[in-house]
Amino acid sequence: RMEFQLKPFLIVTVSLAAIILSGHLFPFRFNIFVTQFVVPCLLIIAMREELEDFGLGLGKIRLGVKITIIVFIVSIPLCYLALTNQAYFKYYNLYTDYQQLKSQVILFARLFVTVLTTEFFFRGFLLFGLKKYYGDFAAISVSIIPYVLLHSGKPMIEIPISFFAGLALSYLVLKTNSIWYGVFLHWSISLICYLWLIFYF
């Protein structure tokens, strides 16, 4: 007999709606923040849950810092692999005016908000929202599938990188009970990639 559980149903439904509606209602970046950060936060509050239980607390600080440093060091070769890939360079050089970005001080802040939204949506809202109902493995599987699929259409090298990065970030989040270490890790690596493309080429 199947048992209907309202909260995980709402989490999955809102997540699907957020992914589908991204880029259709408002300017793209603003829409992503609203649909994948603001709306999930409002739903968490409406369900009478704590935002800290969805990764917005600091969690285990000492462990978080330790794992973040280790994963960052291991990620450096993957960064180099992506940045020296011609398909990767052509894609991002085509869709981003990096010469203009040189003069934009808000680049780092925009990048941080984008990463925060991504990490909260996939590793906070989806992962923490489902793990207490279905366990760690099922929650990771459900959260990582749309995360990898969103990289389709981008350079092929991003597909395996996003998969293994998603696993590593999910592990980090579950171990520390916080998304903030994953946010810093994701943001710092993305920042390296942006700076490489801006100043190297």
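By convention here, the first residue in the shown sequence is residue 1. Just so it is clear, the values below take in all heavy atoms, side chains as well, and ignore hydrogens, waters and symmetry mates.
Around atom CD of E52, no more than 12 heavy atoms belonging to other residues, nucleotides or ligands sit under 6.0 Å away.
When all heavy atoms of V115 and W187 are compared, the pair lying nearest together is CG1-N, 3.7 Å. Of all non-hydrogen atoms in L130 and P8, the two that sit nearest each other are CD2-CB, 3.9 Å. For the residue pair K7 and M47, the shortest heavy atom distance occurs at NZ-O, 3.3 Å. Across every non-hydrogen atom of P40 and V34, the tightest pair is CD-O, 4.3 Å. Minimum interatomic distance between L43 and V14 (heavy atoms only, all atoms of both residues): CD2-CG2, 3.6 Å. When all heavy atoms of R123 and S170 are compared, the closest pair comes out as CD-OG, 3.7 Å.
Annotation: the span from L111 atom CG to H186 atom NE2 amounts to 8.0 Å, rounded to 0.5 Å. With rounding to the nearest 0.5 angstrom, the OG atom of S178 is 14.0 Å from the CZ atom of F54. A distance of 9.5 Å separates NZ in K175 from CG in D136, rounded to the nearest 0.5 Å.
The stretch residues 126-148 participates, sequence neighbours left out, in these ring-ring contact (aromatic ring centres under 6.0 Å, His included) pairs: F122-Y147, Y147-H151.
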Report task. Could you check I140 against Y171 for side chain to side chain contact (heavy atoms under 4.5 Å, CB included), going step by step and ending with a plain yes or no? Result -> CA-CA 9 Å; I140 291 174; Y171 174 81; over 6 Å; no
Requested in this report: Quick one: do F37 and I32 satisfy side chain to side chain contact (heavy atoms under 4.5 Å, CB included)? Show the steps, please.
Outcome: CA-CA 8 Å; F37 188 88; I32 291 289; over 6 Å; no
Report task. Using the side chain to side chain contact (heavy atoms under 4.5 Å, CB included) rule, take T114 and F33 through it: C-alpha gap first, then chi angles, then the decisive distance, then the call. Result -> CA-CA 7 Å; T114 300; F33 180 72; over 6 Å; no
Query - Check against side chain to side chain contact (heavy atoms under 4.5 Å, CB included), F125 and F120 - result: CA-CA 6 Å; F125 183 60; F120 171 71; 4.2 Å; yes
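Residues I69 and L174 are members of one and the same hydrophobic cluster, defined by side-chain heavy-atom contacts under 4.5 angstrom among Ile, Leu, Val, Met, Phe, Trp and Tyr. Placement of I70 and I76 in two distinct hydrophobic clusters is found when ILVMFWY residues are connected by side-chain heavy-atom separations under 4.5 Å, directly or transitively. Residue L185 is not grouped with residue V74 when hydrophobic side chains (ILVMFWY) are merged at heavy-atom distances under 4.5 angstrom, including chains of intermediate members.
Put simply, the side chain of T176 never gets that close to the backbone of K60: no donor and acceptor are under 3.5 Å apart.
When side chains are defined from C-beta on, I179 counts as touching L116, because their heavy atoms get closer than 4.5 Å. A 4.5 Å side-chain heavy-atom check between I159 and M156 finds at least one atom pair inside the cut-off. Two residues are said to be in side-chain contact when any heavy atoms from C-beta on lie closer than 4.5 Å; I19 and F121 meet this criterion.
Screening V183, L172, I73 for a side chain to side chain contact (heavy atoms under 4.5 Å, CB included) with T68, the sole residue that qualifies is L172. Among I145, I11, I144, the one residue that satisfies the side chain to side chain contact (heavy atoms under 4.5 Å, CB included) test with L126 is I11.
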